[in-house]
Amino acid sequence: MKEQDKFQEKIEQDEKIEPKDWMPDRYRNQLIRMMSQHAHSEIVGMLPEGNWITRAPSLRRKMGLLAKVQDEAGHGMYIYSNTETLGISRQEMIDQLLKGEAKYSNIFNYPTLSWADIGMIGWLVDGAAMVNQTMLVKTSYGPYSRAMIRICKEENFHRKQGHEIVATLANGIPEQQEMVQDALNRWWWPTLMMFGPPDSNSPHTNELMQWKVKRKSNDELRQDFIDRVIPEAHQMGLKIPDPDLIFNEETGHWEIGEIDWDEFWQVIKGNGPMNHERLETRRKAHESGRWVREAAEAYAHKQKLQQQKAS
Ligand code: 3HC
């Protein structure tokens with residue numbers, strides 16, 4: 001049986017494609033594109049939250065946020081390692097990010113203006129990432145699917161700690177209620193954009209679904225998220241910033257107004273409120289970590305010479 005037919009048969013039988021299996025170059029490159037962007041999102045995603053670690057309102061909140069940011073670093077490393085199984089080096093991926101050639105999630109190009117934003121990132125953004133990543137547990141590429149199982153467990157903690165922050169503020173004094181509603185007003189629409197452009201304008205979805213890399217489309221995932229999160233917002237007394245929002249009794253789904261896709265494309269082209277700062281911060285962090293990488297390489301080289309001498 002030809003390699004292509006064997007590959008297609010595995011996909012049809014829901015068998016995982018493993019690194020050593022034959023796969024079409026296009027499948028490999030699609031996964032490298034999607035997974036490296038996912039890893040970049042985890043790493044850049046630490047920046048908006050890191051901005052509030054020193055200003056968390058209590059030791060308990062600081063510890064929760066610290067744990068979450070450390071988790072995101074681990075998710076990034078984990079997904080970079082996964083992506084390396086496809087034949088690209090971590091250095092290449094990091095160079096692509098630092099040169100501004102790689103994408104990461106639109107959502108991390110917005111500022112975190114108040115503590116309520118940290119609650120929104122946990123509850124809304126990680127909640128959206130959860131919907132997406134729960135779907136990716138069933139992706140056809142073995143290493144990515146297995147990584148998602150572990151990452152989803154941690155993402156659930158992120159979502160819960162964010163939900164608690166938002167609920168606490170929503171039940172707080174009027175100033176806190178205003179602060180959290182303002183944060184929802186700013187994060188609601190960019191979070192809906194996280195799921196990607198409408199299916200009608202998504203160049204990759206059809207192909208990714210044929211290969212069972214994606215098991216649900218962008219619009220399906222967005223709808224799952226909306227149906228889940230709007231009742232939670234209402235339960236906390238929050239108002240969704242969408243005058244056209246309506247619940248369709250017949251379908252049992254919430255229907256939203258128009259998403260500003262011009263904003264989405266502008267942000268992912270690099271023209272969002274914080275794109276420049278995010279990349280500059282990553283470049284500085286990478287530069288200041290150079291001596292650690294060089295010391296580790298020198299040590300590894302010395303170890304290798306000693307082993308060669310000993311053998
Ligand atoms: N942010 C930035 N770029 C996006 C985007 C987003 N939210 N959604 C789509 N795009 C880009 C795509 O990368 C593609 O551009 P490219 O061809 O240059 O790569 C273009 O817009 C067209 O979009 P498509 O819908 O056709 O692209 P995909 O089929 O790849 O779907 C996706 C986009 C839904 C993000 C999909 O790639 C995906 O599921 N990726 C894996 C999950 C992921 O990356 N999640 C990041 C969320 S943040 C996070 O997880 C951190 C957590 O701790 C909060």
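Along the sequence shown, the residues carry numbers beginning at 1. From a predicted model like this one, the values you see are computed outputs, not experimental measurements. In listed order, ligands and their atoms are each counted from 1.
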For residues 95-106, run the donor-acceptor check on the side chains, cut-off 3.5 Å, and write out each pair with its distance to 0.1 Å, sequence neighbours left out.
unit_1: D95; atom_1: OD1; unit_2: Q91; atom_2: NE2; d: 2.8
unit_1: Y104; atom_1: OH; unit_2: N109; atom_2: OD1; d: 2.5
unit_1: N106; atom_1: ND2; unit_2: P190; atom_2: O; d: 3.1

NZ or CZ of R186 within 45° of Y110 ring axis and under 6.0 Å: no
Please identify each residue that fulfils salt bridge (Lys or Arg N to Asp or Glu O under 4.0 Å) with D219, with sequence neighbours left out.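 D219 satisfies salt bridge (Lys or Arg N to Asp or Glu O under 4.0 Å) with R222 once adjacent residues are dropped.
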Can you name the closest pair of heavy atoms from M179 and S114 and give their distance? CG-OG, 3.5 Å
Where does ligand 1 get N/O contacts under 3.5 Å from the protein, atom by atom?
unit_1: ligand 1; atom_1: 1 (N); unit_2: N106; atom_2: N; d: 2.8
unit_1: ligand 1; atom_1: 7 (N); unit_2: N106; atom_2: OD1; d: 2.9
unit_1: ligand 1; atom_1: 7 (N); unit_2: M194; atom_2: O; d: 3.0
unit_1: ligand 1; atom_1: 13 (O); unit_2: R33; atom_2: NH1; d: 3.4
unit_1: ligand 1; atom_1: 13 (O); unit_2: Q37; atom_2: NE2; d: 2.9
unit_1: ligand 1; atom_1: 17 (O); unit_2: H204; atom_2: NE2; d: 2.6
unit_1: ligand 1; atom_1: 18 (O); unit_2: K103; atom_2: NZ; d: 2.6
unit_1: ligand 1; atom_1: 19 (O); unit_2: R33; atom_2: NH1; d: 2.9
unit_1: ligand 1; atom_1: 19 (O); unit_2: Q37; atom_2: OE1; d: 3.1
unit_1: ligand 1; atom_1: 25 (O); unit_2: S202; atom_2: OG; d: 3.1
unit_1: ligand 1; atom_1: 25 (O); unit_2: N218; atom_2: ND2; d: 2.8
unit_1: ligand 1; atom_1: 26 (O); unit_2: S202; atom_2: OG; d: 2.8
unit_1: ligand 1; atom_1: 26 (O); unit_2: P203; atom_2: N; d: 3.3
unit_1: ligand 1; atom_1: 26 (O); unit_2: H204; atom_2: N; d: 3.1
unit_1: ligand 1; atom_1: 29 (O); unit_2: K214; atom_2: NZ; d: 2.7
unit_1: ligand 1; atom_1: 30 (O); unit_2: R33; atom_2: NH1; d: 3.0
unit_1: ligand 1; atom_1: 30 (O); unit_2: R33; atom_2: NH2; d: 2.8
unit_1: ligand 1; atom_1: 31 (O); unit_2: K214; atom_2: NZ; d: 3.1
unit_1: ligand 1; atom_1: 39 (O); unit_2: N132; atom_2: ND2; d: 3.0
unit_1: ligand 1; atom_1: 50 (O); unit_2: Q133; atom_2: OE1; d: 3.1
unit_1: ligand 1; atom_1: 53 (O); unit_2: E42; atom_2: OE1; d: 3.2
unit_1: ligand 1; atom_1: 53 (O); unit_2: E72; atom_2: OE1; d: 2.8
unit_1: ligand 1; atom_1: 53 (O); unit_2: E72; atom_2: OE2; d: 3.1
unit_1: ligand 1; atom_1: 53 (O); unit_2: E155; atom_2: OE2; d: 3.4

Does E72 form a salt bridge (Lys or Arg N to Asp or Glu O under 4.0 Å) with K68? I'd like the steps, not just the answer. CA-CA 6 Å; E72 309 299 9; K68 176 176 185 326; 2.7 Å; yes
Those residues that, when tested against F157, pass ring pair (Phe, Tyr, Trp, His ring centres under 6.0 Å) (two or more places apart):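 Not a single residue meets the ring pair (Phe, Tyr, Trp, His ring centres under 6.0 Å) criterion with F157.
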